[in-house]
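Read the structure below first, then the notes.
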Amino acid sequence: MSSSNIKKKYSLKISEIKKHNQFYFEKNTPKISDKEYDDLKKEILDLEKEYPFLISKDSPSNSVGFRPSKNFLKSRHRVPMLSLANAFDKEGLVNFEKKIFNFLNLDKNINLEYSVEPKIDGISASLTYKSGKLVKGLSRGNGFEGELITENLKTISDIPKILRSKSCPDDIDIRGEVFIENKDFKIIKEKFANPRNAASGSLRQKDPQQTKKIPLKFIAYTFGFIKNFKFSKQSDFLEFLKQWGFKTSQFNKVISGIDNLQKNHSEFEKKRHDLDYDVDGLVYKINNFKLQERLGFVANAPRWAIAHKFSSDSSFSEIMDIDVQVGRTGALTPVAKIKPVNIGGVVVSNATLHNEDEIIRKDIRIGDTVKVERAGDVIPHVLSVDLTKRSDNSKKYSFPEKCPSCGSKVVKEFNLTTKKYDAVKRCPSEGFKCEKIAIEKIKHFVSKEALNIEGLGKKVVENFWEIKLIKLPQDIFNLDYKKIESLDGWGKLSVSNLKYAIEESKKITLEKFIFSLGIRHIGQENAKLLSKHFKTVKKFIDIDTKFNFNTLLNIDGMGETQVNSLKRFFSDKKNILVVNKLYQNLNVSNQEILQTGKFQNKTFMITGKLDGISRAEAKSLIEKNAGRFVSNVSKKLNYLIVGENPTSKKVNRAKELNINIIDQKKWQELLN
Ligand code: IVH
């Protein structure tokens, strides 16, 4: 072969591998199997060995950023790694603090102290130290289970292998953010879409020697599991981290009062671009650990912390078309297809228009030049129309009256809580009759919070659905793997990984099973309530039209909206069929009943106001002690706790039914 032909062959292979890196890292949709990828890499390396003059800066021999292994061993976090709720403005912060005051039933004049920490936009990791020695490192994964990447994490110089001071706990999980500085990102820029992807990709290299080549940084900020807890404040804990040899953020502070938080936020926002790494907001944590413990968690985020995001970046672009998407709950969401535009480092080509009312209010039309805003990981949206750029023949946009997928006439629902009609138009078809709703339901079914099937992402579901491999959730357990193996982008290894992930997903808790069904208004919290109520999967799947749905109103936290939605769900034959098929395929464990607790098998209800403790906290205390909290007086009630100004109807009913009526003092005696 002539030298120019060799060069040509080599550069073709290099551009091919670059293309596959992109599919894999940036789009997360690999087009070739791991085996094919490794073969391609080997061909390049072989060519280089024979003709060393070829080696380009993009060679896999030269740099990292090459395909990380998707096959790390998994390991459970001893304490889950949760997410944070977001606030974007003063209103969000005021609401956050108000909820805390209400939950803790605090005097409004008290000044709550917050630990304020920059929210670095990287990849979180959890490091286990036993007797001061780093023994294990995990990625966040789905929050409950992470990838075992100990050796890779050990290559990061900011991560101590041995803790420095003697005063560290015997057994502790330290958590923090792995990230890359912009100056280092520049060097490997071609391989990754942004610094965050670069950190993630480098961290998940099969070979730790590859990880070592990238100067990753680590900032510690919290702990998971801990033995012998002895700190009273987050700010003290951050000081200890430093003593043990960790880096913490130089911008950590303690602040009280919303106004002061806001002042600090706007000052920080101005200087954030001077930093050599991405910070997408500030995290506020209640500084006092005792209060943190009392506040606890809702769904998968703590009540005691929030991320105060920085304001967004925006740009102008033109609306080429408006696409109406049908969501899992039938909601029709108009999405503007815009001319691709770079907003704060990310190329944006879709922007949500929220709903019909929003389009009418802003008079948004196809062809308009609009201002598009993007903030962090939130979906970009259209802010306003530049009317000076509107052409004379532009026409008002008319929102479809029929579902673009199944053709049903769309409806606006009446909201029982707000007593108003919703702004959102919906396809009224229940469950799996409307094809688009069905796909969205399947995506929900396999998502992280539900069955958590790795390798079955949104794009894969759409693809399988189009070629009729899946039409209903249960089809996932009867896949034609031979056919999948022959598809573009699939190979033996990826198919066997998928098979494994599906097998693994079959063991599921009742709570997750209920959530995975994607019943409207039944989110993670309500699924948990229902799971505690039904206790066994058998009782849940036996629900039919004869079931007395009103009994569910007795569950504290369930309202009419949720109960009506369940009623609608179980009145549909296809839904019942899906639920039963899933039951046959899955191994659903019954609700674990908290065995140890003073209030085991006891139900409680409160009427009137308690002194010094909110209803929410009283409920959480009862549940922590294995009791159940209900919101109606019935024969099944064990104790009615009577506070100030009780509802006499409830007290009388309890008397009639011979139920223990106790005051707050008596309840606290039972508790202690
Ligand atoms: S605390 C339950 N502190 O933010 C508490 N998280 O959305 C959650 N993050 O996955 C963790 N800086 O990757 C905490 N100072 C900080 C943080 C921080 C960045 C990230 C972390 C987490 C995500 C939560």
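Just follow the structure's listing: the first ligand is 1, and inside any ligand the first atom is 1. Residue numbers run from 1 in the order of the sequence given.
Residues His77 and Phe225 place their aromatic rings such that the two centres sit no closer than 6.0 Å. Tyr129 and Phe246 have their aromatic ring centers within a separation under 6.0 angstrom. A ring-centre distance under 6.0 Å is found for His265 and Phe310. Checked against the 6.0 Å centroid criterion, the rings of Phe103 and Phe96 do not qualify as a close aromatic pair.
Not one N or O of Leu82 is nearer than 3.5 Å to an N or O of ligand 1, by distance alone.
Annotation for ligand 1: atoms under 4.0 Å from non-hydrogen atoms of Ile120 are 12 (N), 19 (C). Interface atoms of ligand 1 facing Val283, defined by a heavy-atom separation under 4.0 Å, are 16 (C), 17 (C). Near Pro302, meaning under 4.0 Å from any of its heavy atoms, are these atoms of ligand 1: 2 (C).
Nearest protein heavy-atom neighbour of atom 21 (C) of ligand 1: Tyr221 OH, 3.1 Å. Ranking the protein heavy atoms by distance from atom 10 (O) of ligand 1 puts Ser124 OG, 3.6 Å first. Annotation: atom 13 (O) of ligand 1 to nearest protein heavy atom, Glu177 OE1, 2.8 Å.
Summarising the contacts of atom 7 (O) of ligand 1 with Leu282, Leu84, Asp121, the nearest heavy atom is found in Leu84. The residue among Glu117, Lys119, Arg140, Lys285 with a heavy atom at the shortest distance from atom 23 (C) of ligand 1 is Lys119.
Note on ligand 1: Pro118 sits in its first shell, one or more heavy atoms being nearer than 4.0 Å.
The main-chain N or O of Ile379 is never found under 3.5 Å from a side-chain atom of Arg374 such that the two would form a donor-acceptor pair. Checked by atom type and distance alone, the side chain of Glu504 never pairs as donor or acceptor with a backbone atom of Ile453 at under 3.5 Å. For Gln205 (side chain) and Gly201 (main-chain N/O), a donor-acceptor pair under 3.5 Å exists by modelled atom type.
When heavy-atom distances to ligand 1 are checked against a 4.0 Å cut-off, Ser249 has no atom that comes that close, whether in backbone or side chain.
For Thr211 and Gln209, the side-chain atoms include no donor-acceptor pair closer than 3.5 Å.
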